Amino acid sequence: MNYSARLTNSFAGEWELYVVTGGMSLDWPEHSFGRTGPVPTLQERADALALLGYSLANDDATWEWQEIPTGVMDRVELLAAVDVQPIGGAA
């Protein structure tokens, strides 16, 4: 089963990665990079996913970026998403 991993800059501006596992849960696996810049590298994202028990869904998976206006002082939230799967087929 594939899920969606999201990389976003939180309201405080720190980079966070989480995996949407379905439903409206507050218990999605998440990892904070603890910094506002630079954007986490592909390797840092892969390492964080592995810590959470996930990997990219396939070898040619790419992160898709979006800009989301927040309406607060013209601030824009960045969001990247990619399909992931549990490592070893675990759920």
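Just so it is clear, the structure is predicted and the values come from calculations on it, not from any experiment.
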Checking R45 against W63: charged group under 6.0 Å from the ring centre and within 45 degrees of the axis? yes
Using a 4.5 Å cut-off on heavy atoms from C-beta on, say whether the side chain of L7 contacts that of E16. no
Report yes if the side chains of L56 and D83 come closer than 4.5 Å at any heavy-atom pair, otherwise no. no
Verify, without hydrogens or angle tests, whether [X] (side chain) and [Y] (backbone) share a donor-acceptor contact under 3.5 angstrom.
X   : Y   : value
W15 : T36 : yes
S4  : V19 : no
N2  : Q85 : no

Return the minimal non-hydrogen interatomic distance between A61 and V82, and the atom names on each side. CB-CG2, 3.7 Å
Nearest atoms (heavy-atom pairs only) where G34 meets E14: CA-OE1, 3.9 Å
Under 4.0 Å between a Lys/Arg side-chain N and an Asp/Glu carboxylate O for R6 and E64? no
Mark yes when over 12 heavy atoms from residues, nucleotides or ligands other than E30 sit less than 6.0 Å from its CD; otherwise mark no. no
Could you grab the distance from atom [atom1] of [X] to atom [atom2] of [Y], nearest 0.5 Å is fine?
X   : Y   : atom1 : atom2 : answer
E67 : L79 : CD    : CG    : 11.0 Å
H31 : L51 : NE2   : CG    : 6.5 Å
L49 : L17 : CG    : CG    : 5.0 Å

Below 30° counts as parallel, above 60° as perpendicular, anything between as tilted: where do the rings of W28 and Y18 land? parallel
Do T21 and Y54 pass the side chain to side chain contact (heavy atoms under 4.5 Å, CB included) test, and can you show the C-alpha distance, the side-chain angles, and the key distance before you say yes or no? CA-CA 11 Å; T21 56; Y54 293 85; 3.5 Å; yes
In one Ile/Leu/Val/Met/Phe/Trp/Tyr side-chain cluster, 4.5 Å: W65, V84: yes
